[in-house]
Amino acid sequence: MEDRLEPSRSTGRSAPGHALVEGVAVDTRHWIGGRRVASAAGFGDVSPVDEQVIAEVSAGGPAEVDAAVGAARTAFPAWAALPVAERAAVLRRVADGIEARVEDLARVETRDNGSLLRSHRRSVMPRVAANFRFFADFAEKELGHPDLEVRGHRERVTYDPAGVVAVITPWNAPLMLATWRIGPALATGDTVVLKPPEWAPLTASLLADVTDEAGLPPGVLNVVQGTGPGAGAPLAAHPGVDRIAFTGSVPTAGRIAAAAAPNVVPLSFELGGKSPLLVFADADLDLAVDLVVEQFDNAGQVCLAAVRVLVQEDVADELLRRVVERAGRLRQGDPRDPATDVGPLVGRAHFERVSGFVERALRDGARPVLGGGPNRELGGLHFAPTILRDAPPGSEILTEEVFGPVLTVQTFAGEAQAVAMANDTAYGLAATVVTGDRARAERVSGRLRAGTVWVNCFFVRDLAAPFGGSGRSGIGREGGAWSFDFYCDVKNSVFAPAGWTGDDPTTGEAGRHG
Ligand code: NAD
């Protein structure tokens, strides 16, 4: 059941609860139990492109959260009882729907959070579709486990869907990060309440449209818009929620864990990072330069970004010279322009936060070898790609997550020091190693504390592989079967060989007491 949006193209204005963004009609109300629901309160969604309000979005609170959790609970038994092949067929139609709307999704996401349109077209939105298609296929093939035989007893391991999953997501890659949780949750038979980020809420609403058109039953996916304290907090505390999948910052994770504690709800947390990029003197320096410059993607607003460059002394000057030359040629500008390499930061508050980090680092004695502040020529929310040297050991810029286009460079003498410096962080999301020596690659990757280690590459991530963070970077792993471990209640049913009146139904063998 859906209210179709009829925006007036002549004026560009649309009815309340609706917005026209980059020519794409977006319903800005919640999606609860297969219906659009408005709230009396709303919030203005500001685009980083020009700092204009592009949509008035419903601001949910405890009542909307309660309705959404109730709808998800109501929808759960029937969705969970469907054969996995039938759920998978719906999810494949969702993937088809996303592929058909890549251009709309890409344009709206770019306008909403300032990330590059060309990246959305080429890789992000296709990945959003893959999040459904992969887990549809994977659930059909892998949502099961061969029986175990233990001392004559047959142990049957089954993956029972857990119930209602709360998915709470950040603004830096909102649709990709939401669907990477929603895909496996729905494939296993769970139902979902999504709370999108208030700084980039719009593509979640388009996802609701796509799932509706694909025939996902009402209540299986619900979207409650709103702020963290307004809508996220009551969702995290709701006793009708069985799992919480959260992606975001460490302080918010702490609040969610505290809110969920009385309900003893399992949590999957994907949090921040301060990942190292180690360049050894034996590395292919061209490759190392590529990998360092890649860290400015999405204006550095990437949880996995390898922002601490650690380089062996012998090659440090040469590496830096080449990195600065190359990064200096990055084009900043409108993220909708295909020629742009680095877009604006997501919003004014975040821009001030990133600026504050860099100002304090400079006061602490760090030296800029590139950038060092806002891009004054472009103005707006454009922050210059920045590389800082000589930050004092232990200083804030080396330890805290900045989440902007800001890299630091430190040097090391040998391998042991490199590993110690890389691990000198409370985070542990990822690490990148650039070396030409295979034995060193094995040794170093084995000693790094990180959920993902990339050797001579970056950002290669298969949906079948485990993903998550160590230390302050998170709790748990998702991807492939690891996702099913989280979204399911894994059950072991033990069948005795004795006690049957006829043949043992689990083996077909004649019953011993029959
Ligand atoms: P955030 O923690 O401020 O917000 C994330 C989400 O939590 C938003 O939807 C917000 O509304 C909600 N929220 C805020 N307060 C809440 C509360 N009390 N209860 C429930 N929900 C609440 O994070 P952000 O600024 O949106 O995102 C940036 C952070 O996300 C960075 O730290 C980044 O590293 C991290 N991140 C991690 C990954 C990963 O996979 N590890 C991926 C992307 C981003």
Side-chain angles (χ1 to χ4, degrees), residues 43 45 48 57 59-62 65 112-115 124 127 131 166-181 193-204 223-238 241 244-261 265 267-275 297-307 345-347 349-351 353-354 357 400-404 425-430 450-452 459 461 466-479 483:
F43 64 93
D45 177 25
V57 181
V65 165
D112 211 4
N113 80 348
S115 47
V124 179
R127 178 65 166 231
N131 285 337
V167 176
I168 303 176
T169 45
W171 46 263
N172 64 318
L175 194 59
M176 207 287 287
L177 294 167
T179 52
W180 139 259
R181 313 299 201 119
V193 178
L194 169 65
K195 208 300 278 174
E198 57 270 50
W199 287 355
L202 299 182
T203 48
V223 180
V224 178
Q225 301 284 9
T227 64
L235 181 58
H238 201 290
V241 165
I244 299 177
F246 169 71
T247 311
S249 65
V250 174
T252 305
R255 280 178 214 119
I256 290 175
V265 178
L267 308 164
S268 173
F269 280 176
E270 292 178 4
L271 311 178
K274 193 74 183 173
S275 299
D297 277 6
N298 209 18
Q301 301 165 122
V302 177
C303 58
L304 292 162
V307 290
L345 297 183
V346 69
H350 188 60
F351 183 86
R353 185 174 176 274
V354 171
F357 270 115
E400 296 295 319
E401 185 184 47
V402 176
F403 222 57
T425 169
Y427 293 102
L429 193 55
T452 301
F459 224 80
R461 188 156 94 72
F467 177 78
S470 304
R472 272 209 289 168
S473 289
I475 297 176
R477 297 291 181 272
E478 290 195 40
S483 294

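Heavy atoms only: backbone and side chains are in, while hydrogens, waters and symmetry mates are out. Every number for a ligand or one of its atoms is a count from 1 in the order of the listing.
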* Asked: For atom 20 (C) of ligand 1, which protein heavy atom lies nearest, and how many Å away is it?
  -> Gly232 C, 3.1 Å
* To do: Grab the two heavy atoms, one from Pro234 and one from Pro229, that are nearest each other, plus how far apart they are.
  => CD-O, 3.7 Å
* Structure fact -> Here the atoms of ligand 1 under 4.0 Å from any heavy atom belonging to Phe467 are 40 (O)
* Donor-acceptor under 3.5 Å (Asp45 side chain, Asp112 main chain) -> no
* For atom 26 (O) of ligand 1, what's the nearest protein heavy atom and its distance? -> Trp171 CD1, 3.0 Å
* At what distance, to the nearest 0.5 angstrom, does CD1 of Ile256 lie from CD1 of Ile244? -> 6.5 Å
* To do: May I ask you to identify, for Leu235, whether its side chain, its backbone, both or neither come under 4.0 Å of ligand 1 on a heavy-atom basis?
  => neither
* To the nearest 0.5 Å, how far apart are NE2 in His350 and CH2 in Trp199? -> 7.0 Å
* To do: May I ask whether Gly474 has any heavy atom positioned less than 4.0 angstrom from an atom of ligand 1?
  => no
* Structure fact -> For atom 41 (N) of ligand 1, the closest protein heavy atom turns out to be Leu271 O, 2.7 Å
* To do: Start with the C-alpha distance between Met176 and Asn131, add both sets of side-chain angles, then the distance that settles side-chain contact (heavy atoms from CB on, under 4.5 Å), and finish with yes or no.
  => CA-CA 8 Å; Met176 207 287 287; Asn131 285 337; 4.0 Å; yes
* Structure fact -> The protein heavy atom nearest to atom 16 (C) of ligand 1 is Thr252 CG2, 3.4 Å
* With a cut-off of 4.0 Å, which atoms of ligand 1 are near a heavy atom of Pro197? -> 9 (O)
* Asked: Does ligand 1 have any atom sitting under 4.0 Å from a heavy atom of Gly469?
  -> no
* Please state which part of Ala173 comes within less than 4.0 Å of ligand 1, counting heavy atoms only: side chain, backbone, both or neither. => neither
* Asked: For Ser473, is at least one N or O under 3.5 Å away from an N or O on ligand 1?
  -> no
* Nearest to atom 9 (O) of ligand 1, what protein heavy atom do you find, and at what distance? -> Thr169 O, 2.7 Å
* With sequence neighbours left out, what residues match Ser483 under side-chain contact (heavy atoms from CB on, under 4.5 Å)? -> Phe135, Pro184, Glu478, Tyr487
* **Per-atom contacts of ligand 1 with Ile256, taking only distances under 4.0 Å to non-hydrogen atoms** => 19 (N), 20 (C), 21 (N)
* **Minimum-distance protein heavy atom relative to atom 17 (C) of ligand 1** => Gly228 O, 3.8 Å
* **atom 28 (C) of ligand 1 - nearest protein heavy atom and its distance** => Phe403 CE2, 3.8 Å
* Please check if the side chain of Arg461 supplies one atom and the backbone of Pro466 the other of a donor-acceptor pair under 3.5 Å. => no
* In sequence, state the C-alpha distance, the side-chain angles, and the governing distance for Asn172 and Phe403, and then conclude on side-chain contact (heavy atoms from CB on, under 4.5 Å). => CA-CA 10 Å; Asn172 64 318; Phe403 222 57; 3.4 Å; yes
* Give a yes or no answer on whether the side chain of Ser473 reaches the backbone of Gly272 with a donor-acceptor pair at less than 3.5 Å. => yes
* Structure fact -> Contacts of Thr247 meeting side-chain contact (heavy atoms from CB on, under 4.5 Å) (sequence neighbours excluded), chain-then-number -> Pro170, Leu177, Arg181, Glu270
* Asked: Judging by distance only, is a nitrogen or oxygen of Glu198 under 3.5 angstrom from one on ligand 1?
  -> yes
* Tell me, which protein residue and heavy-atom name are nearest atom 44 (C) of ligand 1, and how many Å apart are they? -> Asn172 OD1, 3.4 Å
* **Candidate pair Leu304 and Phe459, rule side-chain contact (heavy atoms from CB on, under 4.5 Å), full reasoning** => CA-CA 8 Å; Leu304 292 162; Phe459 224 80; 3.7 Å; yes
* Gly226 touching ligand 1 at heavy-atom level, < 4.0 angstrom -> no
* **Contacting atoms of ligand 1, where contact means under 4.0 angstrom from a heavy atom of Ile168** => 6 (C), 7 (O), 9 (O), 12 (C), 21 (N)
* To do: Name the option, out of Ala349, Ala200, Ser249, Ala178, that contains the heavy atom nearest to atom 23 (O) of ligand 1.
  => Ser249
* Asked: Is a side-chain N or O of Glu401 found less than 3.5 angstrom from the main chain of Lys274, in a donor-acceptor match?
  -> no
* Can you check whether Leu345's main-chain N or O pairs, donor with acceptor, with Gln301's side chain at less than 3.5 Å? -> no
* Structure fact -> So for Phe246 against ligand 1, with non-hydrogen atoms under 4.0 Å, the contacting part is side chain
* Asked: Can you list the atoms of ligand 1 that are under 4.0 Å from a heavy atom of Pro170?
  -> 24 (P), 26 (O), 27 (O), 30 (O), 43 (C), 44 (C)
